[in-house]
Number of protein chains: 2
Amino acid sequence: MVAEGGAAGRGAEREINTGVLLFIPYRALENRVFAALAEAGFDDFTPAQARVMQRIGPHGTRLTELAEQAQVTKQTAGFLVDQLEKAGYVKRVPDPTDRRARLVCGAEKAWAAKEVADAVVADVEAEWEAHLGKRRMTQLRQALTLLREITDPYAAPRG
Amino acid sequence: MVAEGGAAGRGAEREINTGVLLFIPYRALENRVFAALAEAGFDDFTPAQARVMQRIGPHGTRLTELAEQAQVTKQTAGFLVDQLEKAGYVKRVPDPTDRRARLVCGAEKAWAAKEVADAVVADVEAEWEAHLGKRRMTQLRQALTLLREITDPYAAPRG
DNA sequence: CAAATTAGTCAGAGACTCTGACCAATGTCA
DNA sequence: TGACATTGGTCAGAGTCTCTGACTAATTTG
């Protein structure tokens, strides 16, 4: 994967795997958001839980759908939602259109946390833009959005 | 900004968090590499182990350094290296410069797996380039490399 | 040499994720 | 309508990942 087969060791950044290149800023952003949330008192959920919570739509989302989007099994998603429910971030309500299903909905606490998270993301994006320049930042987002078409099985169909 | 709440709804891709945008292709690439490795018979290690193995330099790397770069504790890194050692992917040799330390070195099996992985990464990058166009792909990598300067605590600082 | 630092291990616990088995509601189709 | 497959979800159990805390041993510092 990474490593630098024949190329020299530490200095040689010429051929860094694009995957790693993507992961590094992702991880940095996640860390920042997480730290800020903890500082704001939202320290009672975990990254795994957050990755599920993030995907809850404004009108609630089914467990199975959350599982697919987060790329975990429905059992895992169920486990994580249980924790989130106990911590007061989400609630489950019956799905009026299907008596088998329930909708996982965000609670007040979740929206409050989202507000904090959104603010940090905005900060970090601003820092990145300052470093890259406005043009390059826009290009970056455009390229990533385009890439999503062929890498995200759950991308909203364009058009 | 604005919580637009529609993040999960199908139409609203206007304000997708840059973090998610980074994560989607990263995950897609990782999945592809992992599937290809499994198909080639390298099915006896896990993603977590791979993330450590990936960071082993050509001349071996200390456990502590692996831990820092992979952003896990040294205990976790040690645990993962134990598994990799049992599976025959790495070996530990004494560090000639420090008798406390040992260097984690890749074994033949690791280089063989790396060859498979590199090939898949090249394939996927080619697909991405085909989708984005050569110019945009280059810009993407440039932007990410630049971003690394402020998001990767282990980036080679000098030029 | 004493003290502080650094490399690494051991032990224990919590968190994450999976497979397999299962139940209940829904959809399909003759 | 009634058998059958599908879909939404849970329960149980196991393996993996990760952390904190406490510890040993070698190195560095003064």
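So that the names make sense, note that chain A is the first sequence line, chain B the second, and so on, each numbered from 1. None of these values were measured; they are calculated from a predicted model.
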**Report entry** Shared-cluster residues of A/V72, by chain and number - hydrophobic side chains joined below 4.5 Å
**Finding:**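 Besides A/V72, the hydrophobic cluster comprises nothing; the residue is isolated.
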Query - 5' precedence on DNA chain D between B/T46 and A/L63 (nearest-nucleotide basis) - result: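 Going by which nucleotide is closer to the 5' end, it is A/L63.
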Requested in this report: Scan nucleotides 24-30 of chain D nucleotide by nucleotide, 5' to 3', and note B when protein non-hydrogen atoms come under 4.0 Å of the base, S if they reach only the sugar-phosphate, - if neither.
Outcome: -BBS---
Query - side-chain hydrogen bond (donor to acceptor under 3.5 Å, both in side chains) partners for B/R135, two or more places apart - result: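 Checked B/R135 against side-chain hydrogen bond (donor to acceptor under 3.5 Å, both in side chains); zero matches.
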Report task. Mind grabbing the angle between the end helix axes of the helix from C/dC1-D/dG30 to C/dA30-D/dT1? Five pairs an end, 10° rounding. Result ->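 The angle, to the nearest 10 degrees, is 30°.
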Query - C/dG8 phosphate, OP1 or OP2, under 4.0 Å from B/T64 side-chain N/O - result: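 The answer is yes; a side-chain N or O of B/T64 sits under 4.0 Å from OP1 or OP2.
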Hey, could you give me each pair passing ring-ring contact (aromatic ring centres under 6.0 Å, His included) that has a residue in [range]? Not counting sequence neighbours.
{"range": "residues 118-150 of chain A", "result": "none"}
{"range": "residues 70-97 of chain B", "result": "B/F45-B/Y89"}
{"range": "residues 92-125 of chain A", "result": "none"}

Query raised in the report: Looking at residues at least two apart in the chain, or sitting in another chain, which of them share a side-chain contact (heavy atoms from CB on, under 4.5 Å) with A/R32?
Result: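 Result, side-chain contact (heavy atoms from CB on, under 4.5 Å) vs A/R32: A/V120, A/V124, A/E127.
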Query - By side-chain contact (heavy atoms from CB on, under 4.5 Å) - contacts of A/A107 (at least two apart) - result: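 Expected list: A/K91.
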Protein-nucleotides 20-23 of chain C N/O pairs closer than 3.5 Å?
| from | atom 1 | to | atom 2 | distance (Å) |
| --- | --- | --- | --- | --- |
| C/dG20 | O6 | A/Q75 | NE2 | 2.6 |

Report task. Check DNA chain C against residues 77-89 of chain B and give the residues with a non-hydrogen atom under 4.0 Å, in numerical order. Result ->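 Contacting residues: none.
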Under 3.5 Å donor-acceptor pairs involving side-chain atoms of residues 23-30 of chain A, not counting sequence neighbours:
| from | atom 1 | to | atom 2 | distance (Å) |
| --- | --- | --- | --- | --- |
| A/Y26 | OH | A/E30 | OE2 | 2.7 |
| A/E30 | OE2 | A/R51 | NH1 | 2.9 |

